[in-house]
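This structure is a prediction, so every number in the text was calculated from the model and none was measured. Counting starts at 1 for both ligands and their atoms, following the listed order. Sequence positions, counted from 1, serve as the residue numbers for this chain.
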Amino acid sequence: VCEPLRIASHVGPYDVSFETGRPFAGVADAPGVHWIVDARVATLYRQELQPVLTGSRVLLIEATEQAKSLERCPAYVEHLLASGLRRDHVIVAIGGGVVQDIACFLAAVVLRGVRWEFSPTTLLAQADSCIGSKSSINVGAYKNIVGTFTPPAQVIVNPAVLRTLDDVEIRSGIGEMLKVHAIDSPTSFDRIAADCERLTTDDDVLLHYIRASLRMKQRLIELDEFDRGDRRVMNYGHSFGHAIESATAFAVPHGIAVTVGMDLANHVAAGLGISTVAQFERMHRALMTNAAGFETVPVSVDALLGALAKDKKNAGAATTLVLPDADGRIHLRVVANDMQLRNLCAGYFEKVRTG
Ligand SMILES: NC(=O)c1ccc[n+]([C@@H]2O[C@H](COP(=O)([O-])OP(=O)(O)OC[C@H]3O[C@@H](n4cnc5c(N)ncnc54)[C@H](O)[C@@H]3O)[C@@H](O)[C@H]2O)c1
Ligand SMILES: [Zn+2]
């Protein structure tokens with residue numbers, strides 16, 4: 001039904017396969033396999049994962065930002081070594097983006113590199129982060145500041161595992177799906193926006209858009225795996241999104257912050273005359289529906305602009321933002337980090353979001 005995707009990378013191609021039906025059916029432990037499993041998933045799927053969980057080579061991780069910090073890594077390394085990890089072994093990750101980042105980073109550096117495979121269990125990980133090679137680890141207050149480009153050897157996507165995911169986590173994943181569709185083309189965005197409700201009610205529709213999102217991301221990462229050029233449009237909604245996450249102490253989940261970040265980017269682009277109010281309006285309703293419940297989270301404009309200025313992509317008085325043009329196409333733009341930008345951001349939070 002659903003053809004695998006073959007993704008090219010600097011260490012060779014890898015496949016993303018799609019499964020339906022009971023999650024983790026047929027999972028089996030074997031010598032030389034080291035499991036890194038999201039603790040919540042381990043509890044929810046205790047029975048299915050029993051062969052893995054009762055084995056001796058399993059590391060359970062609580063999916064928090066502290067868990068994916070460099071400070072925690074020595075304990076993970078020692079755990080893997082105590083379980084007998086060797087260079088010809090494999091690390092299999094089962095979980096969302098947090099477990100992915102930890103497993104990918106460990107697979108890159110422990111013994112100078114071992115094979116790793118991934119079964120993503122969040123929508124964000126299935127539709128977005130599972131391809132693209134990146135591992136991202138936090139150091140102190142710096143988020144995603146240390147990492148590597150280490151693609152998995154294999155990814156297995158089964159949307160049935162998403163049934164136990166919270167609604168907010170589903171919408172976080174939808175935020176990234178809306179983003180990559182917007183980057184693909186205005187028509188692609190309008191198509192997924194029209195089907196948004198069915199994403200949460202119809203598994204076939206969801207699987208269709210997960211695969212479509214991965215194909216759209218695939219095009220960009222194959223052009224620019226190391227994030228120096230074309231791939232950087234994937235940061236649409238992210239400069240503002242990261243700023244919203246940090247200005248609210250991560251009260252807003254990543255993909256929802258990205259959703260608001262896109263709306264804010266569209267507002268700013270219209271205000272700067274780069275885009276139009278009509279383009280802002282075209283996307284506004286779908287974005288706000290996806291961000292529902294988080295419109296009232298207070299975001300201080302000072303904290304927002306402070307975080308923008310600290311963004312690793314920015315230098316001095318200018319800020320690189322990803323903004324739509326008058327046709328709704330998404331591009332990188334260098335804009336002045338000045339009073340006009342500040343007023344547009346402040347105006348957004350005062351009027352547009354509430355009105
Ligand atoms: N490396 C990359 O390319 C990349 C890209 C995007 C995001 N990320 C990182 O990913 C992280 C966010 O990942 P995420 O959004 O996947 O969430 P997550 O890994 O933080 O998981 C979110 C919550 O869902 C739970 N969970 C996971 N699967 C579940 C399931 N099937 N049923 C019920 N609960 C489940 C987790 O225990 C956790 O409580 C961030 O740290 C972000 O920086 C990395
Ligand atoms: Zn993101």
Side-chain angles (χ1 to χ4, degrees), residues 7 9 23-24 36-46 48-49 60-69 72 93-105 107-108 116 118-138 142-152 155 157-180 182-183 210 213-214 217 220-221 225-227 231-242 244-246 250 252-262 322:
I7 316 290
S9 84
F24 312 117
I36 301 185
V37 183
D38 181 295
R40 180 150 190 237
V41 174
T43 304
L44 289 167
Y45 298 91
R46 204 183 302 116
E48 294 83 344
L49 290 172
L60 295 183
I61 305 262
E62 301 274 351
T64 62
E65 286 301 316
Q66 299 89 279
K68 51 168 262 190
S69 66
R72 292 277 181 91
I94 300 178
V98 166
V99 164
Q100 173 188 346
D101 274 335
I102 294 166
C104 180
F105 184 66
W116 79 284
F118 186 30
S119 291
T121 64
T122 62
L123 181 55
L124 183 136
Q126 291 194 352
D128 176 32
S129 68
C130 70
I131 62 169
S133 309
K134 285 185 187 175
S135 68
S136 304
I137 294 291
N138 307 327
Y142 297 92
K143 203 174 135 54
N144 294 340
I145 202 69
V146 164
T148 61
F149 288 98
T150 315
V155 180
V157 168
N158 184 346
V161 79
L162 304 177
R163 282 188 201 129
T164 48
L165 208 58
D166 295 345
D167 161 68
V168 167
E169 295 295 341
I170 293 283
R171 288 194 279 132
S172 182
I174 291 176
E176 297 283 10
M177 295 164 83
L178 291 170
K179 177 203 74 178
V180 79
I183 294 165
I210 288 172
S213 299
L214 290 174
K217 178 170 178 178
L220 293 164
I221 62 179
E225 187 177 359
F226 298 113
D227 207 9
R231 182 174 175 173
R232 293 195 293 159
V233 293
M234 291 281 292
N235 280 320
Y236 179 41
H238 276 65
S239 292
F240 290 124
H242 289 147
I244 291 166
E245 285 179 285
S246 97
F250 296 89
V252 184
H254 177 72
I256 293 186
V258 169
T259 303
V260 177
M262 288 188 276
V322 184

Problem - Residue portion contacting ligand 1 (non-hydrogen atoms closer than 4.0 Å) for Val41 - result: side chain

Exercise for the section: Record the part of Thr64 in heavy-atom contact with ligand 1 below 4.0 Å; permitted values are side chain, backbone, both and neither. Expected result: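 Neither part.
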
Problem - the Zn ion (ligand 2) - closest N/O/S atom in His254 - result: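 Of all N, O or S atoms in His254, the Zn ion (ligand 2) lies closest to NE2.
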
Handout entry: Option of least heavy-atom distance to atom 14 (P) of ligand 1 (set: Gly97, Gly132, Ala160)
Key =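 Of the listed residues, Gly97 has the closest heavy atom.
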
Problem - Nearest-option assignment for atom 11 (C) of ligand 1, heavy atoms, candidates Thr43, Val98, Ile137, Asp38 - result: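 The nearest heavy atom belongs to Val98.
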
Handout entry: Non-hydrogen atoms of Ile244 and Val260 that approach each other most closely
Key =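 Taking Ile244 first and Val260 second, the nearest heavy atoms are CD1-CG1, 3.6 Å.
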
Handout entry: Heavy-atom pair of closest approach, residues Cys130 and Pro152
Key = O-CG, 3.9 Å

Can you sort out which atoms of ligand 1 are near [X], meaning under 4.0 Å from one of its heavy atoms?
| X | value |
| --- | --- |
| Leu44 | 32 (N), 33 (C) |
| Lys68 | 9 (C), 40 (C), 41 (O), 42 (C), 43 (O) |
| Gly96 | 16 (O), 19 (O) |

Could you check whether any side-chain N or O of [X] sits under 3.5 Å from a backbone N or O of [Y], counting only pairs where one atom can act as donor and the other as acceptor?
| X | Y | answer |
| --- | --- | --- |
| Asn138 | Asn144 | yes |
| Lys179 | Met234 | yes |
| Glu176 | Gly255 | no |

Exercise for the section: State whether the number of non-hydrogen atoms from other residues, nucleotides or ligands found under 6.0 Å of Tyr142 atom OH is greater than 12. Expected result: no

Exercise for the section: Verify the neighbour count for atom CD of Glu65: are there more than 12 heavy atoms of other residues, nucleotides or ligands below 6.0 Å? Expected result: yes

Say whether [X], considering both its backbone and side-chain N or O atoms, lies within less than 3.5 Å of an N or O atom on ligand 1.
| X | result |
| --- | --- |
| Thr121 | yes |
| Glu176 | no |
| Glu65 | yes |
| Val161 | yes |
| Lys143 | yes |

Exercise for the section: Given side-chain hydrogen bond (donor to acceptor under 3.5 Å, both in side chains), test Thr164 with Tyr45 step by step and report yes or no. Expected result: CA-CA 10 Å; Thr164 48; Tyr45 298 91; 2.7 Å; yes

May I ask whether [X] places a heavy atom under 4.0 Å from ligand 1?
| X | result |
| --- | --- |
| His254 | no |
| Glu62 | no |
| Leu162 | no |

Exercise for the section: Describe, in one word, how the ring planes of His242 and His238 are oriented to each other, choosing from parallel (under 30°), tilted (30 to 60°) and perpendicular (over 60°). Expected result: perpendicular

Exercise for the section: State whether Glu176 contributes an N/O/S atom found under 2.8 Å from the Zn ion (ligand 2). Expected result: yes

Completion exercise
Only residue of Val99, Ile61, Ile102 satisfying side chain to side chain contact (heavy atoms under 4.5 Å, CB included) with Lys68 is Ile102

